[in-house]
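Here is the naming used below: chain letters follow the sequence lines, and residue numbers restart at 1 for every chain. The model shown is predicted, which means the values in this text are computed figures rather than measured ones.
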Protein chains: 2
Amino acid sequence: MSAADAAAAAPIRVLLADDQALVRGALAALLNLEPDIEVVAQAGDGAEVAKLAVEHRVDVALLDVQMPGTDGLEAARMLRAAMPGCRMLMVTTFDRPGYLRAAFEAGASGFLVKDTPSSELAAAVRRVHAGGRVVDPALAATSLTSGANPLTEREREVLSRAQSGAPVAQIAASLHLSAGTVRNHLSSAIGKTGEANRIAAAHLAREQGWI
Amino acid sequence: MSAADAAAAAPIRVLLADDQALVRGALAALLNLEPDIEVVAQAGDGAEVAKLAVEHRVDVALLDVQMPGTDGLEAARMLRAAMPGCRMLMVTTFDRPGYLRAAFEAGASGFLVKDTPSSELAAAVRRVHAGGRVVDPALAATSLTSGANPLTEREREVLSRAQSGAPVAQIAASLHLSAGTVRNHLSSAIGKTGEANRIAAAHLAREQGWI
DNA sequence: AAATTGCCATGACAGATGTCATGACAGACA
DNA sequence: TGTCTGTCATGACATCTGTCATGGCAATTT
C-alpha cells in the first residue's frame, strides 16, 4: 500500500507534545508534508496530552521526554490509562539509556533520538501506527550494556537534591531525615556509581537517566 | 511588497545550523513553506557553517547557540570574518541572559528562544534579512537587569571544571596552578554569585550564561 | 607616579564531606 | 524461620572545602 493510497483511505492522526513551540511547529510542518499523516493536535505540556488525544481521536502521539512539569514519560502513563489504543512514540534530546527502559515501561511503542535524520520520522510514525516498534539500534545496545538503575529510591531522591549544590543539612530537612542518614545515602550512591563525590555521581546518574 | 512578490524577485537564501538532525530538518520544512524563503544549506556542526555559507551565497544564517564542538557563538564569529555581509539569527533552547550579549558581540542581528511560536520564525528571518534586529523583549529585559558577567576569565575556567565534580587537586593540575590558587578563585566566584558553594555557584553561572 | 585590578601563591582555621562500624526495624523471599 | 535488602540513625575519623590574611607580580587606569 503506498502512502497516497493510505491518505485516500484515512490519514494517520498525530498529536505532538514538545515544550518548545518552535520545534513543535516545525515538526508539524515536516509531518504535514506527508499525504498520509495529519497533525491534529499539539501540546506544550504533558498534562494536556491525554485530554487532547481523546478529543481528537489521535492514532499516534509523538511525545518529547524532556518537558517541564509533567514530562513525556508521565504523560505516556496518563495517556495509556486514558486511551489504551493510542500508540506512543517518544522523542528525546539526550540519549540516556535509562530513558529507553522507562519509555517502554510507560507503554511507548517507539523511541527516537533528536539527531535522527528528519526523513525517518514519518516512517517511524507509520511503523508505530501499524503496530510495530521503533528503537534506535545504537541506543538499544548501550541500554543493554549499561544495565538497570542500581540506585534505590532514597538514593535517587538524595542525589537529585544534591545536584544543585544543596548542603547535607538542607537535604536532610527537606526529606525529614537526619544529616547522618543523608550522608550515608550519598556515600552509598557514590560507591555504586564508582565516582569520587556526590557531584560526579549525580552527573553520571543523570547521563544514564537514573535520576 | 508582498511575500509572493519577493519570491518572484529572489528568495531569501537561508542556512540552518543545529546539531539535532530532526530539528534541523523540521525547521527546513517549516521555512520552505514560505514562498520567499529557501533553505539552501544545512550544518550539523558549527565548524562547517562559514564554508557552507560562502559556497551557497547565504543571505541569513540561523544558528543554534548550543552545539557540541564549535558552538553557535563561535560559528557566528567565524562567519562574520569570512562573510561580513551575511546576516545571523541566533536560536537557543535556554534563555540565558549572558548569551544575548555574547550573540550580539559575535555579530548576530537577532536572537530567538525556541519557545517562540513557529509562525514568527519566517517574519524574524525577513526582518533580519532586511537589516533589522530581532530580540525577544522579555529576554532583553532580564538581560538588562541581570547585568554583565562579573566573573574573571580564570574564575570562569575554574568554575567550569568544578561543575562536573572534579576535586581541587585535579582542577589545579589541569590548569597548572597550585591548589590554593584554585580555591581562591573558587571562593571569589562563590562570593560574586552570592551562593554557598562551588556547585550552586556553577549552576547560577550557567543559568546566566556566564560560563 | 600612584592606584587599581587581575593573577598567583602560601599558611591557617572552621566547617562540610566521605567513609566506616554498628545497631535497629520492616518487608520480601525461600 | 532465617536471610536479605532497604531504610534510618549515631559516633568517630580523615579529608576536602571555603574563608581569610598576607604578599608579590604584571597590566591598566588615573
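Residue pairs meeting the salt bridge (Lys or Arg N to Asp or Glu O under 4.0 Å) criterion with at least one partner in residues 78-97 of chain A, sequence neighbours excluded, are absent. Residue pairs meeting the salt bridge (Lys or Arg N to Asp or Glu O under 4.0 Å) criterion with at least one member in residues 185-197 of chain A, sequence neighbours excluded, are E155(A)-K192(A).
With contacts defined as side-chain heavy-atom distances shorter than 4.5 Å, the pair L159(B)/L186(B) qualifies. Residues S143(B) and Y99(B) fail the side-chain proximity criterion, which asks for heavy atoms closer than 4.5 Å. Looking at V40(B) and L52(B), their side chains never come closer than 4.5 Å, going by heavy atoms from C-beta outward.
As rounded to whole Å, 11 Å separates atom P of dC7(C) from atom CG of L177(B). If you take NE2 of H176(B) and P of dA9(C), they are 11 Å apart, rounded to a whole angstrom. If you take CG of L175(A) and P of dA9(D), they are 11 Å apart, rounded to a whole angstrom.
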Whether each nucleotide of nucleotides 10-30 of chain D has a protein heavy atom under 4.0 Å at its base (B), only at its sugar-phosphate (S) or at neither (-) is summarised, 5' to 3', as B-B----BBBB----------
